[in-house]
2 protein chains.
Amino acid sequence: MTRDDQALKALRASGRRITSQRRKVLQVVEASPRHLDAEAIYLRARENDPQISLATVYRTLAVLKEMGLVEGRFLSRDHPREHFEGADTPEHYHFTCLSCGRITEFRSPRVAEVFEELERERGLSIQHACLCLEGWCDACRAENQASEE
Amino acid sequence: MTRDDQALKALRASGRRITSQRRKVLQVVEASPRHLDAEAIYLRARENDPQISLATVYRTLAVLKEMGLVEGRFLSRDHPREHFEGADTPEHYHFTCLSCGRITEFRSPRVAEVFEELERERGLSIQHACLCLEGWCDACRAENQASEE
DNA sequence: TTCATTGCAAAATTTTTGCATACGA
DNA sequence: TCGTATGCAAAAATTTTGCAATGAA
């Protein structure tokens, strides 16, 4: 059973219906490239279904987010639009290169340590974390140095 | 010399002008409560200057952000509006309580360790970090447990 | 058949912009 | 005085909603 199937099953289980539009939005969100915003998802979904409307994409994303099947994130300060990705991937964080715009995902056990610290020392119960970094990636940094010489 | 004075000086140094509106926006951003969005800043600024316009607040925030005097952040997934705070405070991160909405700031040297790891292992040069956590604060968690019994 | 979901268009929200006027330096 | 910055109102950009029609179960 694929991830999509599980998600669709969850939809049914909550009394909702499986429509071709929802299938398509899910497909787009789980495919690469990831981190698309609502409009980009709409454009990609429309490649397969020219009839789908932007309103439906927004409504579908809201439903999927509410059910925890999709995660919305703000990835950098210059892009004030929510980006979406499947919620089935393991916890990870994002780095956006200010030069080439590429998004790098990473994981680090040290982040979990921060959470444990906060739970222990402040009694916080952490449900969701968003660690969004901005800077220059290896390639762009090398390039910038070269052009400065 | 206060923080405001330094900021105003920086404005002048960049060939910009110090206006009463800019003073007020700066004051509001640096005062508490922090983490206001553009409209909240507008409402507070208007208490002292009923003539100030929302457009000016947006334009001022853009200028201050561009100069690095103010930082904009998205603090939680349910509030897709940028929140602002003075850029003069030491690096810190945010936790938003999903129940009472209160924002808690915290610092942790472990976060810097994550950055060092990324710089060392992936060659990333990190310019800005946003760690936004969501969950329940100590008080709300206790309350929820009580009401579930 | 039933009622959740859709597409469309209109509305609501949030942010930006054009332009004449005001005002800082 | 000179040119930046402002206020206003209009526009742009983004997201939500009302409603009749569609289609999943």
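By convention in this document, chain letters (A, B, ...) are assigned in the order of the sequence lines, proteins followed by strands, and residues within each chain are numbered from 1.
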Quick note, ring-ring contact (aromatic ring centres under 6.0 Å, His included) partners involving residues 4-55 of chain A, not counting sequence neighbours, are A/His35-A/His94
Rounded to whole angstrom units, what separation is found between the [atom1] atom of [X] and the [atom2] atom of [N]?
X: A/Lys24; N: C/dT5; atom1: NZ; atom2: P; answer: 17 Å
X: A/Ile41; N: D/dT14; atom1: CD1; atom2: P; answer: 14 Å
X: B/Glu82; N: C/dT14; atom1: CD; atom2: C1'; answer: 12 Å
X: B/Arg81; N: D/dT16; atom1: CZ; atom2: P; answer: 13 Å
X: A/Glu39; N: D/dT16; atom1: CD; atom2: C1'; answer: 15 Å
X: A/Leu43; N: D/dT14; atom1: CG; atom2: C1'; answer: 14 Å
X: A/Phe74; N: D/dT15; atom1: CZ; atom2: C1'; answer: 12 Å
X: A/Tyr58; N: C/dA12; atom1: OH; atom2: C1'; answer: 13 Å

Under-4.0 Å salt bridge between B/Glu117 and B/Arg110
no
Selected nucleotide, minimal atom distance to [X] side chain, candidates [options]:
X: A/Thr56; options: C/dT17, C/dG7, D/dG7; value: C/dG7
X: B/Ala38; options: D/dT14, C/dT15, C/dT6; value: C/dT15
X: B/Leu54; options: C/dT15, D/dT15, D/dT17; value: C/dT15

- Do any side-chain nitrogens or oxygens of B/Arg59 fall under 4.0 Å of OP1 or OP2 in D/dT6? no
* Kindly say if A/Gln21 contacts the phosphate of C/dG7, meaning a side-chain N or O under 4.0 Å from OP1 or OP2. => yes
In terms of relative ring orientation, are B/Tyr93 and B/Phe115 parallel, tilted or perpendicular, with 30° and 60° separating the classes?
perpendicular
Taken in chain and number order and not counting sequence neighbours, the residues that satisfy side chain to side chain contact (heavy atoms under 4.5 Å, CB included) with B/Glu119 are B/Ile126
Considering non-hydrogen atoms only, spot the tightest contact between [X] and [Y] and give its length.
X: B/Phe84; Y: B/Lys65; value: CE2-CD, 4.0 Å
X: A/Leu75; Y: A/Cys132; value: O-CB, 3.6 Å
X: A/Glu134; Y: A/Phe95; value: C-CE1, 3.9 Å

In numerical order, the residues of residues 11-19 of chain A whose heavy atoms come under 4.0 Å of DNA chain C are A/Arg16, A/Arg17, A/Thr19
Those residues at least two apart in sequence (or on a different chain) that pass salt bridge (Lys or Arg N to Asp or Glu O under 4.0 Å) with A/Arg73 are A/Glu71, A/Glu85
Under 3.5 Å, which donor-acceptor pairs do the side chains of residues 15-33 of chain A form with other protein atoms, sequence neighbours left out?
from: A/Arg16; atom 1: NE; to: A/Ser14; atom 2: OG; distance (Å): 3.1
from: A/Thr19; atom 1: OG1; to: A/Arg22; atom 2: N; distance (Å): 3.2
from: A/Arg22; atom 1: NH1; to: A/Arg17; atom 2: O; distance (Å): 2.9

So, with a heavy-atom separation below 4.0 Å from DNA chain D, the residues of residues 44-53 of chain A are none
